[in-house]
K.L.:
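Right, I'll just put the structure down here and ask away after.
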Amino acid sequence: ILVRPGQDPLEVAQDLYFPNGAVITPDSKTLIVGETFGSKLTAFDINEDATLSNRRVWADLSSLKEGYSPVPDGICLDEEGAIWVASPTTSDVVRVGEGGILLDQIEVETNAYACMLGGKDKRTLFISTAKDSGEEACLAHQSARIEVVEVDVPGAGLP
């Protein structure tokens with residue numbers, strides 16, 4: 001949904017399979033959205049009027065390696081144009097290149113729900129983890145934490 005000040009919301013994309021994390025490239029020309037239940041990252045061109053076009057699969061995560069199918073929750077972009085993907089079902093974050101190239105993988109003890117590159121030089125990967133995402137389990141176990149890993153390539157783009 002595109003929301004412009006003083007205007008009615010406008011539907012600009014349809015049939016996303018549980019859209020979740022999203023990033024905008026540093027040139028503000030591409031939006032990439034994680035489709036959690038589709039196990040893929042989908043890209044769109046951002047037009048001058050902020051509508052979307054040229055929908056394409058940026059990376060099919062189910063084809064990264066045999067028997068492994070992460071699902072994207074939170075995502076973030078780095079300066080090389082790769083995307084870090086938090087995957088709760090595989091208890092890890094993976095760095096993926098366009099076309100579905102597995103570049104790096106960091107395992108965590110529990111479920112990885114979100115990730116973001118930050119810190120002074122944007123090389124600190126912050127990973128939000130917890131044993132569960134259900135409200136009752138979260139309140140009962142209080143297992144949520146932020147795990148921190150230093151990486152080689154700094155963050156870029158928005159958010």
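Positions are given from 1, in the same order as the sequence printed here.
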K.L.:
Scan side-chain atoms only and decide if Y113 and N20 contain a donor-acceptor pair under the 3.5 Å cut-off.
P.N.:
no
K.L.:
May I ask whether W58 and I75 are part of the same hydrophobic cluster, defined by side-chain heavy atoms of I, L, V, M, F, W, Y residues being less than 4.5 angstrom apart, directly or through others?
P.N.:
yes
K.L.:
Is any side-chain heavy atom of L102 less than 4.5 Å from a side-chain heavy atom of V94?
P.N.:
yes
K.L.:
Rounded at 0.5 Å granularity, tell me how far OG1 in T36 sits from CG in D73.
P.N.:
5.5 Å
K.L.:
Given the rule in the side-chain contact (heavy atoms from CB on, under 4.5 Å) test, do V151 and W84 qualify, once you have shown the distances and angles that lead to the verdict?
P.N.:
CA-CA 11 Å; V151 297; W84 282 99; 3.8 Å; yes
K.L.:
Let me see the working for E48 and K29 under salt bridge (charged side-chain N to carboxylate O under 4.0 Å, His left out), right down to the final yes or no.
P.N.:
CA-CA 9 Å; E48 299 253 342; K29 293 185 177 184; over 6 Å; no
K.L.:
Measuring from T42:OG1 to Y17:OH, what's the distance to the nearest 0.5 Å?
P.N.:
13.0 Å
K.L.:
Nearest 0.5 Å, please: how far is CG in D49 from CG in N47?
P.N.:
5.5 Å
K.L.:
For the residue pair I101 and E98, what are the closest heavy atoms and their distance?
P.N.:
CD1-O, 3.7 Å
K.L.:
Any idea which heavy atoms bring I32 and A43 closest together, and the distance?
P.N.:
CG1-CB, 4.0 Å
K.L.:
Are the side chains of R4 and L10 in contact, using a 4.5 Å heavy-atom criterion?
P.N.:
yes
K.L.:
Could you pull out the closest heavy-atom pair between V96 and G100, with the gap in Å?
P.N.:
CG1-CA, 4.1 Å
K.L.:
So which atom in C115 and which in A86 form the shortest heavy-atom distance, rounded to 0.1 Å?
P.N.:
SG-N, 3.9 Å
K.L.:
Supply the atom-to-atom distance L125 CG to L117 CG, rounded to the nearest 0.5 angstrom.
P.N.:
5.0 Å
K.L.:
Apply side-chain contact (heavy atoms from CB on, under 4.5 Å) to L61 and V71, showing your working.
P.N.:
CA-CA 7 Å; L61 303 179; V71 298; over 6 Å; no
K.L.:
Looking only at side-chain N and O atoms, does T124 offer a donor or acceptor that is under 3.5 Å from a partner on E150?
P.N.:
yes
K.L.:
Measuring only between side-chain heavy atoms, which start at C-beta, is I1 closer than 4.5 Å to V12?
P.N.:
no
K.L.:
Side-chain contact test, heavy atoms from C-beta onward, threshold under 4.5 Å: evaluate it for L64 versus P70 and give yes or no.
P.N.:
yes
K.L.:
Is the closest side-chain heavy-atom distance between V153 and R95 below 4.5 Å?
P.N.:
yes
K.L.:
Are L41 and V57 side-chain neighbours, meaning at least one heavy-atom pair lies under 4.5 Å?
P.N.:
no
K.L.:
Looking only at non-hydrogen atoms, find the nearest pair between L103 and G97 and report the distance.
P.N.:
CD1-N, 3.7 Å
K.L.:
Among all residues two or more places apart in sequence or in another chain, which pass the side chain to side chain donor-acceptor pair (under 3.5 Å) test with S39?
P.N.:
S69
K.L.:
Look at R55 together with D45 and state whether they make a salt bridge at an N to O cut-off of under 4.0 Å.
P.N.:
no
K.L.:
Would you say the side chain of V93 lies within less than 4.5 Å of the side chain of S87, judging by non-hydrogen atoms?
P.N.:
no
K.L.:
Near D8 CG, under 6.0 Å, is it more than 12 heavy atoms from other residues, nucleotides or ligands?
P.N.:
no
K.L.:
Going by side-chain contact (heavy atoms from CB on, under 4.5 Å), S128 matches just one of V108, N111, I146. Which one?
P.N.:
I146
K.L.:
Is any side-chain heavy atom of V85 less than 4.5 Å from a side-chain heavy atom of P72?
P.N.:
yes
K.L.:
Find the distance between CD (E109) and NZ (K131) and round it off to the nearest 0.5 Å.
P.N.:
9.0 Å
K.L.:
Please determine whether residues I46 and L16 belong to a single hydrophobic cluster, defined as Ile, Leu, Val, Met, Phe, Trp and Tyr linked transitively by side-chain heavy-atom distances below 4.5 Å.
P.N.:
yes
K.L.:
Drop me the distance from T129's OG1 to R145's CZ, to the nearest 0.5 angstrom.
P.N.:
5.0 Å
K.L.:
Specify the closest pair of heavy atoms between S62 and D60, including all atoms of both residues, with the distance to one decimal.
P.N.:
OG-OD1, 2.6 Å
